[in-house]
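Before any comments, here is the structure.
When a ligand or atom number is given, it counts from 1 through the structure's own listing order. Hydrogens, waters and symmetry mates are skipped; everything else that's a heavy atom, side chains included, is used. These numbers come from a predicted model, not from an experiment.
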Amino acid sequence: MMTEPTLGFDTLQIHAGARPDPATGARQTPIYQTTAYVFRDADHAAKLFNLEEVGYIYSRLTNPTVSVLQERIAALEGGVGAVACSSGHAAQILALFPLMAPGKDVIASTRLYGGTVTQFSQSMKRFGWDARFVDFDDLAAIEDAACDDTRAIFCESVSNPGGYVTDIPAVAEVAHRLGVPLIVDNTSATPFLCRPIEMGADIVVHSTTKYLSGNGTAMGGVVVDSGNFDWAASGKFPSLTEPEPAYHGLRFQETFGAMAYTFHGIAIGLRDLGMCQSPQNAFLTLLGTETLSLRMARHVENAVRVASWLEKDPRVEFVTYAGLASSPWNERATRLYPKGAGAIFTFAVRGGYDACVKLVDNVRLFSHVANLGDTRSLIIHSASTTHRQLSPAQQEAAGAAPNVVRLSIGIEDADDLIRDLDQALAAATR
Ligand SMILES: *Cc1c(COP(=O)(O)O)cnc(C)c1O
């Protein structure tokens, strides 16, 4: 079912993709806990396998609960289609898979989630894919890093954990001049705060593990396609434009038009890489999306309160939050992300590494965990945990220096969060 484009965000986050269950009338989307689907007859089965008819075959490819999630996130991002998968990291591989080949490269921002830096700089090499890291505030450096083998540009909208905000419209322009798509990881901002496709991005990826599921219950990822990129124009993307031997020479772009990249993600990506999302996790994530705008508004309000309080505290050296006037990215954040700069930021504690370790050991309300985007407030010392595989230079570039602690501000009472940090800072700097 197509979703009316005129519906507002708050309506789409509840209704997009969903309808009463045709078999029972169940109003909430059921968990279709099944691996396979009965074919009407042999002819129906053959059509499904030839991609001549769209339907359910096997849950590694498609599942009705997962399909609702795909349609919903595509609608919230303003894309034509989406493919859900098992985690945010799976989404990144799934997004690049149709574009890359041995010897090809992706140009990535230096300001990325620590796990992404590791995935791009280490494991991707084993596919023969190369990643070149560049400061995305230097647009000329992006063009300088590009070559004939470049196949994508990759960045985050609001980057975790450095409080950095990407100028997506400017980066999209560079990508399109180079004839390659811009992929934006929109995990930290969510489509409530940022809609990368409206700013020129071609593909959006998410770790739905974070704010989209929202309650810290379910791993998941999604790849959303804008449907805007012309895969044939450059001749650089044969997977999408040339005959596919596994489907009797079918050409994805010619056959599926704007849905080519999405169909490829399912018919080749999920089929062969196998990182499908479980229907149970899709269900939990759907529950989360229903309250996304309410939660994000409160996350942002609390983040501004806590960050402003920390910035005035003499035990704190600095706070890097694009929502504060002191941030070098505040003007950009205000211009591009008027609803707020997210709820993840870092601050530096006077007393360095040791004080940071004491701080995380003394919080009572904040949880010391590696997650973010939970209803609960979370804290982590990145240099000793999520970013410990990175070199000191990479840590510094990612905003995860040894004296820095990352907060993911939840939706509790801001006064309680401030009181908790106050007592933990007292213990840490005593
Ligand atoms: C968590 C995260 C990822 C990885 O997602 P998983 O679901 O943990 O695999 C990627 N990018 C960002 C910005 C993240 O926060």
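Counted by atom type alone, Glu244 and His264 present zero donor-acceptor pairs between their side chains at under 3.5 Å. In summary, the side chains of Ser326 and Tyr321 do not present any donor paired with an acceptor at a separation below 3.5 Å, with no hydrogens or angles considered. No donor-acceptor contact under 3.5 angstrom links the side chains of Tyr337 and Ser157, judged on distance only. Checked by atom type, the side-chain pair Arg72/Thr289 shows a donor-acceptor distance below 3.5 Å.
The protein non-hydrogen atom at the shortest distance from atom 1 (C) of ligand 1 is Lys210 NZ, 1.4 Å. When hydrogens are left out, the protein atom nearest atom 12 (C) of ligand 1 is Asp185 OD2, 3.4 Å; that is the closest non-hydrogen contact. Protein heavy atom nearest atom 9 (O) of ligand 1, with residue, atom name and distance: His89 N, 2.9 Å. Closest protein heavy atom to atom 8 (O) of ligand 1: Met219 CE, 3.8 Å.
Note: no N/O pair closer than 3.5 Å links Glu156 and ligand 1 by distance alone. Residue Gly88 has at least one N or O atom closer than 3.5 Å to an N or O atom of ligand 1. Residue Tyr113 has no nitrogen or oxygen atom sitting less than 3.5 Å from a nitrogen or oxygen atom of ligand 1, judged on distance alone. The distance criterion of under 3.5 Å between nitrogen or oxygen atoms is not met by Ser188 with respect to ligand 1.
Of all atoms in ligand 1, listed by their number and element, those nearer than 4.0 Å to a heavy atom of Gln92 are 10 (C), 11 (N). The ligand atoms of ligand 1 that sit less than 4.0 angstrom from a heavy atom of Ser87 are 7 (O), 9 (O). Close contacts of ligand 1 with Thr209, meaning ligand atoms under 4.0 Å from a residue heavy atom, involve 7 (O).
Just one of Val306, Asp313, Thr320, Leu310 meets the side-chain contact (heavy atoms from CB on, under 4.5 Å) condition when paired with Phe347; it is Leu310.
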Trace of the ring-ring contact (aromatic ring centres under 6.0 Å, His included) decision for Phe154 with Phe120: CA-CA 10 Å; Phe154 187 98; Phe120 277 37; 4.8 Å; yes
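Across every non-hydrogen atom of Asn371 and Lys210, the tightest pair is OD1-CD, 3.4 Å.
Relative orientation of the His176 and Phe229 rings is tilted, given thresholds of 30° and 60° on the angle between their planes.
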